[in-house]
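The structure under discussion appears below in the form of structure tokens.
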Amino acid sequence: MNKYFINSNKIYSAPADIPGGSLNDKVKLTKSDCSVIYEIYDQLLKQHPQYITKTVLGNAFGYPINSYSIKNFKMQNFSPFQAKRVKICIITSIHGYEQGCAWTCAHFFKQMLTNPDDEILGFLLRNVDFEVVPVLNPWGFKNNDRKNGNKVDLNRNFPMGFTGLKDVEDEIYPGPEPLSETETKIITEFIEKHLDASLVLDYHNIYGGYPLFYVYSEKDVQLAQSVFTQLTDKWTKEYSQLPKDQILGLVRPNGNSGMFADYLLSKNLWVLTMETPWCMPVIAKEQYDSVTIKCALEVLVNTINTIVHSFL
């Protein structure tokens, strides 16, 4: 029996008409800038000011780096005891050419705030305080580039295990020194304000394959087992083309150094590095199309739901 997570029969299913961000969609993510993401959050802020606040954390290469707090009203509590609430921080698009994770996350909050009667989304809205940095690398997002405007891989620019590679053209060039970049300074300052977080979700996109968790503990592996087995059952029933002889998700150890996750672990935070594919194998036709985003949204919501139930 899984000692960390209960594999509930309840599973979130994303709408069939969830908007994609491929070249054939209305919004072409690889041809866009961070404003397409911020517009979703800012519209939600106008519609639901009781739930959302916005903070401009700073500016990098002429683009704002925003954060959004999404919180429900708290229970009136006149007792001397504190109610338990879950706080989840979500960071997306630290690699600029991974625009789909930012798009998926924005649509998660849009679905949650516009469908509060959904059993799972309503549960998350009532029980979780979310702190979100939707686009950490806005220059890379605009230029469809992994790195920032200084050719630095922001996900290698953190102090713990900093590699010191000197070749600027290297795909994982970490910068001249740890925290040399505006973006990494901004996110470490953000995290220092949220050291009480129950989880930090470091959300990426992966070029090929099925969804992936980079794991740092047995608990992470058991989380993957809970989420991926449920989704495999769901997806193989919905999409007859998918293979039925494997679990449609995998885990790997994270062997690199100087990464955001290393920094988070040094702060004794629970971090999950999650990657959903650029293009869902077999059933999708192009990068960030609707079926890819739908599957990514189901990974995101069901992962968060499983985690929250482990706390409450």
Side-chain angles (χ1 to χ4, degrees), residues 34 55-69 87-98 101-102 105 130-141 143 145-206 212-220 251-275:
C34 59
T55 303
V56 179
L57 300 176
N59 186 287
F61 302 98
Y63 298 98
I65 297 177
N66 296 343
S67 70
Y68 295 84
S69 298
K87 177 192 278 193
I88 296 179
C89 298
I90 307 178
I91 317 300
T92 64
S93 291
I94 191 172
H95 289 142
Y97 64 8
E98 296 171 7
C101 53
C105 192
F130 290 99
E131 301 288 345
V132 188
V133 179
V135 184
L136 184 58
N137 184 357
W139 186 94
F141 193 110
N143 291 280
D145 196 313
R146 176 185 177 89
K147 300 191 280 187
N148 76 349
N150 291 332
K151 296 189 175 182
V152 173
D153 181 342
L154 297 176
N155 202 31
R156 303 295 187 278
N157 188 235
F158 294 88
M160 290 68 203
F162 182 77
T163 63
L165 293 172
K166 301 300 183 185
D167 184 358
V168 175
E169 300 305 322
D170 193 302
E171 184 183 41
I172 58 170
Y173 172 62
E177 61 185 17
L179 301 181
S180 60
E181 305 308 296
T182 297
E183 300 94 331
T184 50
K185 290 186 177 77
I186 284 173
I187 198 61
T188 53
E189 291 171 2
F190 172 84
I191 292 297
E192 290 292 334
K193 295 176 182 177
H194 298 290
L195 294 176
D196 60 338
S198 308
L199 172 83
V200 180
L201 181 60
D202 175 28
Y203 185 13
H204 295 250
N205 293 125
I206 189 169
L212 164 69
F213 289 174
Y214 283 103
V215 298
Y216 310 98
S217 69
E218 180 184 339
K219 180 168 66 172
D220 301 340
V251 297
R252 289 179 181 160
N254 200 341
N256 292 301
S257 299
M259 300 177 73
F260 183 41
D262 296 313
Y263 164 76
L264 295 169
L265 291 167
S266 77
K267 297 294 180 179
N268 296 316
L269 289 164
W270 182 18
V271 54
L272 178 66
T273 300
M274 183 176 85
E275 305 226 21

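Keep in mind that the numbers below use all heavy atoms, side chains included, and drop hydrogens, waters and symmetry copies.
Side chains of T55 and L57 form a contact here, defined as non-hydrogen atoms less than 4.5 Å apart. Side chains of I172 and L165 form a contact here, defined as non-hydrogen atoms less than 4.5 Å apart. Looking only at side-chain heavy atoms (C-beta outward), E177 and P159 stay at 4.5 Å or farther from each other.
A pairwise comparison of heavy atoms in V135 and A102 identifies CG2-CB, 4.4 Å as the closest pair. Heavy atoms only, all atoms of each residue included: F141 and C34 are closest at CD2-N, 3.7 Å. Counting all heavy atoms, side chain and backbone alike, G164 lies closest to P174 at N-CG, 4.0 Å. Contact record, I94 with F158: CD1-CE1, 4.2 Å, taken as the closest heavy-atom pair. Contact between N59 and F61 at its shortest, heavy atoms only, is OD1-N, 4.1 Å. Summarising the geometry of L136 relative to L154, their closest heavy-atom pair is O-CD1, 4.3 Å, with the distance given to 0.1 Å.
Of the N and O atoms on the side chains of E98 and S93, not one donor lies less than 3.5 Å from an acceptor on the other residue. A side-chain donor-acceptor contact under 3.5 Å links D153 and H95.
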N137 vs Y97, side chain to side chain contact (heavy atoms under 4.5 Å, CB included): CA-CA, chis, key distance, verdict: CA-CA 9 Å; N137 184 357; Y97 64 8; over 6 Å; no

List the steps, then state whether side chain to side chain contact (heavy atoms under 4.5 Å, CB included) holds for T163 with R156. CA-CA 8 Å; T163 63; R156 303 295 187 278; 5.6 Å; no

H204 and Y214: side chain to side chain contact (heavy atoms under 4.5 Å, CB included), yes or no, with the steps? CA-CA 11 Å; H204 295 250; Y214 283 103; over 6 Å; no

Verify side chain to side chain contact (heavy atoms under 4.5 Å, CB included) between L199 and L272, making sure each step is shown before the conclusion. CA-CA 7 Å; L199 172 83; L272 178 66; 4.1 Å; yes

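Between Y263 atom OH and L269 atom CG the span is 8.0 Å, to the nearest 0.5 Å. Atom CG in L264 sits 8.5 Å away from atom CD1 in I187 (nearest 0.5 Å). From K267, atom NZ reaches atom CG of D262 across 13.5 Å, with rounding to the nearest 0.5 Å. Here CD1 of I90 is found 10.5 Å from CD of E131. Values are rounded to the nearest 0.5 Å. Put simply, CZ on R252 and CG on L212 are 5.5 Å apart, with the number rounded to the nearest 0.5 Å. Considering NE2 of H194 and OG of S67, their distance stands at 6.5 Å, rounded to 0.5 Å.
Screening N148, N157, N150 against E183 for a side chain to side chain donor-acceptor pair (under 3.5 Å) leaves a single residue, N148.
With hydrogens and angles disregarded, no donor-acceptor distance shorter than 3.5 Å links the side chain of K87 to the backbone of S198.
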